[in-house]
Amino acid sequence: MTISLVRPWTGVDVKALREARRMSLIDFAGHLGVAVRTVSIWEADGEAIKPRPVNQLALDTSLSRLNLDEQARFIQSVPADAIGDAPNGEQLVQPDRIRHPIDGRSMTWIPEGVYLSGPLDQPVWLPGYHIDTYPVTNSDYKMFVNAVGYPPPRHWDGSNPPAEIVGHPVVWVTHDDADAYTRWANKKLPSTAQWEKAARGTVGATWPWGNQPTPAKCNCKVRDRSGATTPVDRYKSGASPFGVFDLAGNVWEWLSTTSAPGRYELKGSSFNSLLEAAVPAAFNDADHSMSDDDTGFRCVTTELNRGPQ
């Protein structure tokens, strides 16, 4: 169970949260990503405080992640009628989708605002954008190959993918191949921040579906069993809070963010990797020329008007 406040934060609540976590002022300020002086001012004010939205989100998230012992200490320090049950992770919003005019793919709107980024859950603000609802499939990539005469992936039968995998994510594509597709479609590869926000939502969920490691919600390696790609819409219960699919498992996805000259970040893990590697905040990268049977991509754009699918 997680808990939340049913009224605005007060200085008493902030101090109770810090003491429940048994943190010093300095450690707690670092935990929230604020100045030590800010925490001191909040705690000195016994009335309702008015933190900036990004700091409000940090306080709410910290409270929702208390363990049972920490919850008990917090509850002892604040009025009982101030506390309620929090949802188990961020609730799935009604997806806001549109069809892209060039490749015809479904894209999901990710609104502007703050999300919690990386292993330390640092608050980051992003402008709004659309992201592909699913990874690029073999069927989608075939349209690109035929349109521009681009070399097909190595596992295809000439310019056609095997019939049984047309709805699976395309693989055996380098970063250069993925970038060529984005230029044709007038899109871009996601940045690390764009991809992670689409996967974790705004409250920093550990997994796209919430905070519990649930192998049944994605296509990741289980023990020593060998696997393969699956249709991109198979794991419906593994959708992110925004309604974006396959952001954990199935295939690694190329990003636009560089980690070193000629190297780019990857996110999402694959059927060939353990569930732990699918944490959206986790880091992975590869040389731009790398291609494998478990690596694909999806796209983003900031140039579409919002509208119905």
Side-chain angles (χ1 to χ4, degrees), residues 96-110 112 126-156 159 161 165-199 229 232-233 240 242 244-247 250-270 280 284-307 309:
D96 184 351
R97 294 186 177 137
I98 196 169
R99 289 282 179 186
H100 193 271
I102 296 179
D103 63 5
R105 306 199 69 232
S106 171
M107 302 195 80
T108 300
W109 174 248
I110 310 298
E112 69 175 40
L126 283 181
Y129 56 97
H130 283 92
I131 189 167
D132 285 345
T133 305
Y134 306 98
V136 173
T137 66
N138 286 289
S139 177
D140 300 321
Y141 200 76
K142 172 180 165 62
M143 184 165 55
F144 157 65
V145 168
N146 290 345
V148 303
Y150 200 80
R154 58 187 281 184
H155 63 302
W156 286 17
S159 61
I165 61 168
V166 292
H168 293 216
V170 67
V171 294
W172 291 112
V173 287
T174 66
H175 190 277
D176 300 339
D177 296 330
D179 199 46
Y181 178 99
T182 66
R183 291 195 300 272
W184 166 74
N186 195 28
K187 295 180 176 182
K188 296 180 180 178
L189 291 175
S191 67
T192 296
Q194 289 172 327
W195 195 100
E196 186 180 349
K197 181 177 180 179
T229 59
V232 296
D233 61 352
S240 80
F242 294 111
V244 182
F245 293 83
D246 252 15
L247 289 164
N250 216 1
V251 295
W252 289 101
E253 297 183 17
W254 284 113
L255 304 178
S256 64
T257 303
T258 57
S259 55
R263 296 185 68 84
Y264 291 86
E265 292 193 30
L266 297 151
K267 290 280 190 186
S269 190
S270 76
N284 190 19
D285 72 342
D287 188 84
H288 70 99
S289 62
M290 186 276 292
S291 68
D292 210 337
D293 65 349
D294 66 352
T295 304
F297 67 100
R298 76 178 73 213
C299 308
V300 298
T301 183
T302 57
E303 299 181 3
L304 293 179
N305 294 322
R306 295 170 62 189
Q309 185 174 5

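Values in this document were obtained by computation on a predicted structure and should not be read as measured data.
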Visitor: Hey, what do you get for CG (L189) to CD (E265), rounding to the nearest 0.5 Å?
Guide: 12.5 Å
Visitor: Starting at CH2 of W252, measure out to OG of S269 and round the result to the nearest 0.5 Å.
Guide: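 Those atoms lie 4.5 Å apart.
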Visitor: So do V300 and P190 actually touch side chain to side chain, heavy atoms under 4.5 Å?
Guide: yes
Visitor: Contact between N138 and W156 at the side-chain level, heavy atoms closer than 4.5 Å - yes or no?
Guide: yes
Visitor: Could you name each residue pair satisfying salt bridge (Lys or Arg N to Asp or Glu O under 4.0 Å) that touches residues 180-196, not counting sequence neighbours?
Guide: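 Every salt bridge (Lys or Arg N to Asp or Glu O under 4.0 Å) pair that includes a residue of residues 180-196, provided the two are not neighbours, is D103-K187, D132-K187, D179-R183, E196-R200.
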Visitor: From T108 OG1 over to R97 CZ, what is the distance, rounded to the nearest 0.5 angstrom?
Guide: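 Between atom OG1 of T108 and atom CZ of R97 there are 4.0 Å.
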Visitor: If every non-hydrogen atom of G128 is compared with every non-hydrogen atom of T302, which pair is closest and at what distance?
Guide: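 Smallest heavy-atom distance, with atoms named: O-CG2, 4.1 Å.
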Visitor: Hey, does W109 have a side-chain heavy atom less than 4.5 Å from the side chain of I98?
Guide: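 I98 does not reach W109 side chain to side chain.
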Visitor: So, for V136 and C299, which heavy atoms are closest and what is the spacing to 0.1 Å?
Guide: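 Answer, listing the atom of V136 first, then C299: CG2-SG, 4.4 Å.
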Visitor: Is the closest side-chain heavy-atom distance between Y129 and T301 below 4.5 Å?
Guide: no
Visitor: Looking only at heavy atoms, which two atoms of P135 and F245 are closest? And how far apart?
Guide: CD-O, 4.0 Å
Visitor: Looking only at non-hydrogen atoms, find the nearest pair between K142 and P161 and report the distance.
Guide: CD-CD, 3.8 Å
Visitor: Working to the nearest 0.5 angstrom, can you tell me the gap between L126 CG and Q194 CD?
Guide: 6.5 Å
Visitor: Any salt bridge linking R298 with E253? Criterion: basic side-chain nitrogen under 4.0 Å from a carboxylate oxygen.
Guide: yes
Visitor: Report yes if the side chains of Y134 and V244 come closer than 4.5 Å at any heavy-atom pair, otherwise no.
Guide: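 Side-chain contact under 4.5 Å: no.
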Visitor: Would you please name every residue forming a side-chain contact (heavy atoms from CB on, under 4.5 Å) with V171, sequence neighbours left out?
Guide: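 side-chain contact (heavy atoms from CB on, under 4.5 Å) list for V171, sorted by chain: H155, T229, V251.
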Visitor: Quick one: pull up OG in S270 and CG in N284 and give me the separation to the nearest 0.5 Å.
Guide: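 Interatomic distance, S270 OG to N284 CG, rounded to 0.5 Å: 9.5 Å.
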Visitor: Rounded to the nearest 0.5 Å, what separates atom NZ in K267 from atom CG in D285?
Guide: 11.0 Å
Visitor: Evaluate the ring planes of Y150 and F144, with Trp represented by its six-membered ring, and classify them as parallel (under 30°), tilted (30 to 60°) or perpendicular (over 60°).
Guide: tilted
Visitor: Could you list the residues that satisfy side-chain contact (heavy atoms from CB on, under 4.5 Å) with H288, not counting sequence neighbours?
Guide: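 For H288, the residues satisfying side-chain contact (heavy atoms from CB on, under 4.5 Å) (neighbours in sequence not counted) are H175, D176, Y264.
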Visitor: Is any side-chain heavy atom of T295 closer than 4.5 Å to a side-chain heavy atom of M290?
Guide: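 T295 reaches M290 side chain to side chain.
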Visitor: Got N186 and E303 here, is their nearest side-chain heavy-atom distance under 4.5 Å?
Guide: yes
Visitor: Do S240 and L247 have side chains that get closer than 4.5 Å, going by heavy atoms?
Guide: yes
Visitor: Check D140, D294, T137, N250 against P169 for a side chain to side chain contact (heavy atoms under 4.5 Å, CB included) and give me the one that passes.
Guide: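 Of D140, D294, T137, N250, side chain to side chain contact (heavy atoms under 4.5 Å, CB included) with P169 is met by N250 alone.
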Visitor: Could you pull out the closest heavy-atom pair between L255 and S191, with the gap in Å?
Guide: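 Distance-wise, the nearest heavy atoms are CD2-O, 4.3 Å.
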Visitor: Going through the distances and angles, do V173 and Y181 end up as a side chain to side chain contact (heavy atoms under 4.5 Å, CB included)?
Guide: CA-CA 10 Å; V173 287; Y181 178 99; over 6 Å; no
Visitor: For D287 and W254, work out which heavy atoms get closest and say how close.
Guide: O-CH2, 3.2 Å
Visitor: Checking T257 side chain against T192 main chain: does a donor-acceptor pair fall under 3.5 Å?
Guide: yes
